Colleague: 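The structure under discussion is supplied below as structure tokens; questions concerning it will follow.
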Amino acid sequence: MPAPLKFVHTTCELPDAADAVVIGGGIIGVFSAYYLARRGLKVALVEKGRIGAEQSSRNWGWCRQQNRDARELPMATKSLDLWERFAAENGEDTGFRRCGLFYLSNSEEELAGWARWRDFARTVGVTTHMLDSAQATERGRATGKPWKGGVFSPTDGTADPASAAPAVARAILELGGTIHQSCAARGIETEGGRVSGVVTEHGAIRTKTAILAGGAWSSSFCRQLGIRFPQAAIRSSILAVSPGVTSLPDALHTAAVSVTRRSDGGYSLAISGRGRIDPTPQQLRFAPQFLPMFVKRWRSLAPGGLEGFRSGHETLVRWRLDAPTPMERMRILDPAVDNATIRLTHSRALDLLPALKNTRITAAWAGYIDSTPDGVPGIGEIAAIPGFILAAGFSGHGFGIGPGAGHLIADIVTGSEPIVDPRPYHPDRFGKSAWGKVADF
């Protein structure tokens with residue numbers, strides 16, 4: 001079964017013109033369009049498939065500051081406030097709540113790393129609590145196991161991946177924006193060297209601003225424009241179990257497995273960082289730039305199969321604006337589940353939390369996590385094409401920092417004071433080596 005996802009109505013008629021066109025209806029795209037619409041801009045969002053149907057509905061749902069890379073932490077902090085504020089602004093429910101995130105470990109090395117992060121976080125006003133053995137064992141009593149220590153981050157939380165992007169899309173419609181599903185953007189047009197329009201399969205929209213929030217498709221789209229954006233996708237598998245257990249933490253991480261309470265009372269189960277690398281022409285093209293990332297994280301990665309070729313999101317093919325593109329042949333990336341990982345994840349979860357034996361597996365799915373060489377997203381205007389703004393490569397962190405990223409993109413478009421320093425995210429940095437710059441978490 002695929003990941004659950006709520007339905008969003010489509011705007012039937014494509015506008016002739018818009019102040020900004022957002023390409024991609026994942027969490028980054030919808031929050032970008034939302035904050036632009038709140039500022040009074042006429043916004044059109046085009047999505048080749050359904051709103052939130054790819055990685056935005058296939059993740060854990062964590063919205064965290066804990067263990068964020070220093071470059072992402074300011075955006076994570078702002079995002080938590082924006083998640084909270086969103087419901088108050090328009091009444092739409094993303095399922096967000098500050099339930100706190102709980103980490104357990106029996107590794108002295110891991111605990112030392114968390115303690116170092118705690119000390120760093122204090123310098124930027126972020127609260128996280130290190131737990132000694134007695135505290136961790138008591139708070140983790142649902143495991144029935146002793147623990148050397150842990151972390152509890154009380155102000156962090158979760159949102160509902162099935163509801164979040166659709167909720168923001170509905171808010172865009174209420175603000176007068178338009179949402180166009182099953183409408184792939186094939187490319188952009190320029191005039192005098194800058195953006196003048198976005199070409200879709202259903203016609204062109206005149207605009208001076210195009211925002212590419214295309215997730216795993218972003219690099220191949222950029223290639224059509226002569227923009228080199230190094231990106232590699234990792235296939236990650238996850239499963240859900242039925243409701244029926246109420247004594248477990250809302251969000252628990254261990255090295256073996258992580259568990260998150262879903263909005264229906266069931267739980268999502270996953271192994272952090274574990275994924276398959278499906279070889280594609282794009283993977284091979286950018287392999288040298290991803291070597292630092294691979295050296296740091298190879299233990300959790302394994303070779304994949306032909307899913308990447310089948311999906312077509314990492315093609316090096318050049319496509320035409322007047323003919324169907326790979327995005328129209330693959331409306332929604334829905335790769336095959338890694339059954340070995342699903343079995344291992346479920347086994348580990350039952351061992352960690354015996355109460356889960358009273359549940360049953362209700363769904364399993366896979367998704368593509370779009371990564372950059374340093375594990376930090378690329379956000380910023382591309383100098384070679386004024387008016388073209390890239391917002392991609394969120395490396396598995398996009399859901400939690402989606403509101404902050406969308407706000408920053410709206411700041412860039414409108415020339416407003418940026419909500420966070422935009423310099424650490426600018427795509428210009430991909431012209432340099434990532435050695436020594438790969439995110440720790």
Side-chain angles (χ1 to χ4, degrees), residues 4-57 86-87 89-94 161-189 195-215 217-218 221 321-322 324-325 327-333 387-389 391-392 402-403 405-407 409-410 413-414:
L5 180 65
K6 294 189 175 178
F7 177 76
V8 177
H9 287 287
T10 287
T11 307
C12 296
E13 190 172 343
L14 204 67
D16 292 329
D19 296 321
V21 176
V22 178
I23 301 167
I27 201 72
I28 306 303
V30 293
F31 268 118
S32 299
Y34 172 72
Y35 286 113
L36 287 167
R38 279 188 62 83
R39 299 180 195 200
L41 274 68
K42 182 180 179 181
V43 181
L45 185 151
V46 296
E47 162 56 47
K48 62 180 173 48
R50 289 180 59 191
I51 294 295
E54 294 188 345
Q55 193 56 25
S56 293
S57 61
F86 175 80
E89 289 172 346
N90 50 67
E92 293 287 350
D93 183 14
T94 63
S163 304
V168 182
R170 289 193 298 270
I172 294 166
L173 293 171
E174 288 294 320
L175 290 168
T178 59
I179 303 288
H180 309 276
Q181 296 174 99
S182 295
C183 181
R186 292 176 173 174
I188 65 170
E189 294 179 323
V195 171
S196 62
V198 172
V199 179
T200 80
E201 62 180 294
H202 298 310
I205 307 172
R206 297 192 310 278
T207 187
K208 292 183 178 180
T209 302
I211 299 151
L212 177 61
W217 296 87
S218 297
F221 191 98
L321 301 185
D322 62 349
T325 68
M327 295 174 289
E328 290 149 76
R329 291 189 287 273
M330 179 60 69
R331 293 285 179 183
I332 296 171
L333 283 177
F388 182 70
I389 295 169
H407 197 295
I409 292 157
V413 171
T414 59

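This one's a predicted model, so the numbers in the text were calculated from it and none came from an experiment.
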Colleague: Which heavy atom in C183 sits nearest to a heavy atom in L14, and how many Å separate them?
Modeller: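 Result for this residue pair: SG-CD1, 4.1 Å.
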Colleague: Would you list the atom pairs, donor with acceptor, under 3.5 Å between side chains in residues 208-215 and any protein atom, with sequence neighbours excluded?
Modeller:
none

Colleague: Could you give the distance from CD (E174) to CD (E89), rounded to the nearest 0.5 Å?
Modeller: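 Interatomic distance, E174 CD to E89 CD, rounded to 0.5 Å: 14.0 Å.
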Colleague: List in chain and number order the residues that pass side-chain contact (heavy atoms from CB on, under 4.5 Å) with E328, two or more places apart in sequence or in another chain; answer none if no residue qualifies.
Modeller: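 side-chain contact (heavy atoms from CB on, under 4.5 Å) list for E328, sorted by chain: A184, R186, E201, P324, T325, R331.
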Colleague: Go through the structure and list residues passing salt bridge (Lys or Arg N to Asp or Glu O under 4.0 Å) with R206, not counting sequence neighbours.
Modeller: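 If we apply the salt bridge (Lys or Arg N to Asp or Glu O under 4.0 Å) test to R206, skipping adjacent residues, there are no hits.
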Colleague: Any idea which heavy atoms bring V43 and A33 closest together, and the distance?
Modeller: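 So the two residues come closest at CG1-CB, 3.7 Å.
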Colleague: Do the side chains of T414 and L36 get nearer than 4.5 Å, heavy atoms only?
Modeller: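 When only atoms from C-beta onward are counted, T414 and L36 do touch, with a gap below 4.5 Å.
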Colleague: Applying side chain to side chain donor-acceptor pair (under 3.5 Å), name anything that partners N90, two or more places apart in sequence or on another chain.
Modeller: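 N90: side chain to side chain donor-acceptor pair (under 3.5 Å) contacts with Y34.
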Colleague: Would L333 and W217 count as a side chain to side chain contact (heavy atoms under 4.5 Å, CB included) here? Give the steps.
Modeller: CA-CA 10 Å; L333 283 177; W217 296 87; 3.5 Å; yes
Colleague: Do you know which two heavy atoms are closest between A204 and E189, and how far apart they sit?
Modeller: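 Nearest heavy atoms, A204 then E189: CB-OE1, 4.5 Å.
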Colleague: Tell me whether the rings of F388 and F221 are parallel (<30°), tilted (30 to 60°) or perpendicular (>60°).
Modeller: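 Parallel, since the angle between the ring planes stays under 30°.
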Colleague: Of the options I28, I409, L45, which is the one that meets V22 in a side-chain contact (heavy atoms from CB on, under 4.5 Å)?
Modeller: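 Of the listed options, the one satisfying the test is L45.
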Colleague: For residues 166-173, please give each side-chain donor-acceptor pair under 3.5 Å, one per line with the distance, not counting sequence neighbours.
Modeller:
| unit_1 | atom_1 | unit_2 | atom_2 | d |
| --- | --- | --- | --- | --- |
| R170 | NE | E92 | OE1 | 2.9 |
| R170 | NH2 | E92 | OE1 | 3.0 |

Colleague: Which residue pairs pass the side chain to side chain donor-acceptor pair (under 3.5 Å) test when at least one of the two sits in residues 9-29, sequence neighbours left out?
Modeller: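 Sorted result for residues 9-29: T10-Q181.
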Colleague: Give every residue pair that meets the salt bridge (charged side-chain N to carboxylate O under 4.0 Å, His left out) criterion with at least one member in residues 20-36, sequence neighbours excluded.
Modeller: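 Matches after skipping sequence neighbours: none remain.
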Colleague: Quick one: side-chain contact (heavy atoms from CB on, under 4.5 Å) partners of P4, sequence neighbours excluded?
Modeller: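 P4 satisfies side-chain contact (heavy atoms from CB on, under 4.5 Å) with A162, R262, W365 only.
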Colleague: Only counting residues at least two apart or in another chain, list the ones meeting salt bridge (Lys or Arg N to Asp or Glu O under 4.0 Å) with E47.
Modeller: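 With sequence neighbours excluded, E47 shows a salt bridge (Lys or Arg N to Asp or Glu O under 4.0 Å) to no residue whatsoever.
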Colleague: My understanding is that only residues two or more places apart in sequence, or in another chain, count here; which of them pass side-chain contact (heavy atoms from CB on, under 4.5 Å) with A165?
Modeller: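 side-chain contact (heavy atoms from CB on, under 4.5 Å) check on A165 returns I27, V30, I51.
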Colleague: The criterion is side chain to side chain donor-acceptor pair (under 3.5 Å); which residues satisfy it with T200, sequence neighbours excluded?
Modeller: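 Side chain to side chain donor-acceptor pair (under 3.5 Å) list for T200, sorted by chain: empty.
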Colleague: What heavy-atom pair brings V198 and A185 nearest, and what distance separates the two atoms?
Modeller: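 What the structure gives for the nearest pair is CG1-CB, 4.0 Å.
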Colleague: Please identify each residue that fulfils side chain to side chain donor-acceptor pair (under 3.5 Å) with S57, with sequence neighbours left out.
Modeller: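 S57: no side chain to side chain donor-acceptor pair (under 3.5 Å) contacts found.
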Colleague: Nearest 0.5 Å please: distance from the NZ atom of K6 over to the OG atom of S163.
Modeller: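 Between atom NZ of K6 and atom OG of S163 there are 3.5 Å.
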Colleague: Do you know which two heavy atoms are closest between Y35 and P403, and how far apart they sit?
Modeller: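 Answer, listing the atom of Y35 first, then P403: CE1-O, 3.5 Å.
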Colleague: Can you tell me how far apart OG (S32) and NE2 (H407) are? Round to the nearest 0.5 Å.
Modeller: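 Going from the OG atom of S32 to the NE2 atom of H407 covers 11.5 Å.
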Colleague: Show your working on side chain to side chain contact (heavy atoms under 4.5 Å, CB included) between R50 and V8 and close with a plain yes or no.
Modeller: CA-CA 8 Å; R50 289 180 59 191; V8 177; over 6 Å; no
